[in-house]
Amino acid sequence: GGGIVLFERNRELLREKAFVVTLAAKPETVFKRVQGDTSRPLLKSEDPQTRIRQMMAERQKFYNDCNLNISTDDCMALECCEKIVKAYQK
């Protein structure tokens with residue numbers, strides 16, 4: 001998940017062994033997608049939209065340190081996959 005980047009050792013392994021892709025979306029988009037999903041313990045708060053913003057802000061510097069960033073706000077799954085494959089093949 002998105003929290004994997006919070007630990008330095010994980011980031012080291014990702015840099016060494018993986019082609020890392022960040023699938024990003026605006027906080028409002030994330031909220032719409034996860035609204036009602038009770039399997040996300042970090043969002044079980046009084047104000048999940050604020051919590052989403054906080055988590056995104058805390059993690060953004062790590063998300064920026066990847067091979068590819070894709071905004072998924074207006075990107076369909078197939079289009080995202082095509083972008084990933086194209087970038088990986090370069």
Closest non-hydrogen atom pair between [X] and [Y], with its separation:
| X | Y | answer |
| --- | --- | --- |
| Val20 | Asn67 | N-OD1, 2.7 Å |
| Leu43 | Met55 | CD2-CE, 3.5 Å |
| Ser71 | Cys75 | O-CB, 3.4 Å |
| Arg51 | Leu42 | CG-O, 3.3 Å |
| Leu6 | Arg59 | CD2-CG, 3.7 Å |
| Tyr63 | Asn69 | O-OD1, 3.3 Å |

### Task
Evaluate the criterion side chain to side chain contact (heavy atoms under 4.5 Å, CB included) for residue pair Ile52 and Val34; output intermediate values, then yes/no.
CA-CA 10 Å; Ile52 289 168; Val34 300; 4.3 Å; yes
### Query
Ile70 and Tyr88: same hydrophobic cluster, using ILVMFWY side-chain contacts below 4.5 Å?
yes
First locate atom [atom1] of [X], then atom [atom2] of [Y], and finally report the distance between them rounded to the nearest 0.5 Å.
| X | Y | atom1 | atom2 | answer |
| --- | --- | --- | --- | --- |
| Phe31 | Asp47 | CZ | CG | 8.0 Å |
| Phe62 | Asn10 | CZ | CG | 11.0 Å |
| Leu23 | Lys83 | CG | NZ | 10.5 Å |

### Task
For atom CG of Asp74, decide whether the heavy atoms of other residues, nucleotides or ligands shown that lie under 6.0 angstrom number more than 12.
no
### Task
Look at atom NZ of Lys44 and say whether more than 12 heavy atoms of other residues, nucleotides or ligands are closer to it than 6.0 Å.
yes
Below 4.5 Å, heavy atoms only, C-beta onward: do [X] and [Y] meet side chain to side chain?
| X | Y | answer |
| --- | --- | --- |
| Phe19 | Val21 | yes |
| Leu68 | Ile84 | yes |
| Val30 | Lys26 | no |
| Thr72 | Cys80 | yes |

### Query
Charged N to carboxylate O under 4.0 angstrom, Glu12 versus Lys17?
no
### Message
If the threshold is 4.0 Å, N to carboxylate O, is there a salt bridge linking Arg15 and Glu8?
### Response
yes
### Query
Any donor and acceptor pair, going by atom type alone, linking the side chain of Asp73 with main-chain N or O of Ala25 inside 3.5 Å?
no
### Query
Would Gln49 and Gln35 count as a side chain to side chain contact (heavy atoms under 4.5 Å, CB included) if you check the C-alpha gap in whole Å, the side-chain angles of each, and the deciding distance to 0.1 Å?
CA-CA 9 Å; Gln49 280 188 298; Gln35 194 172 13; over 6 Å; no
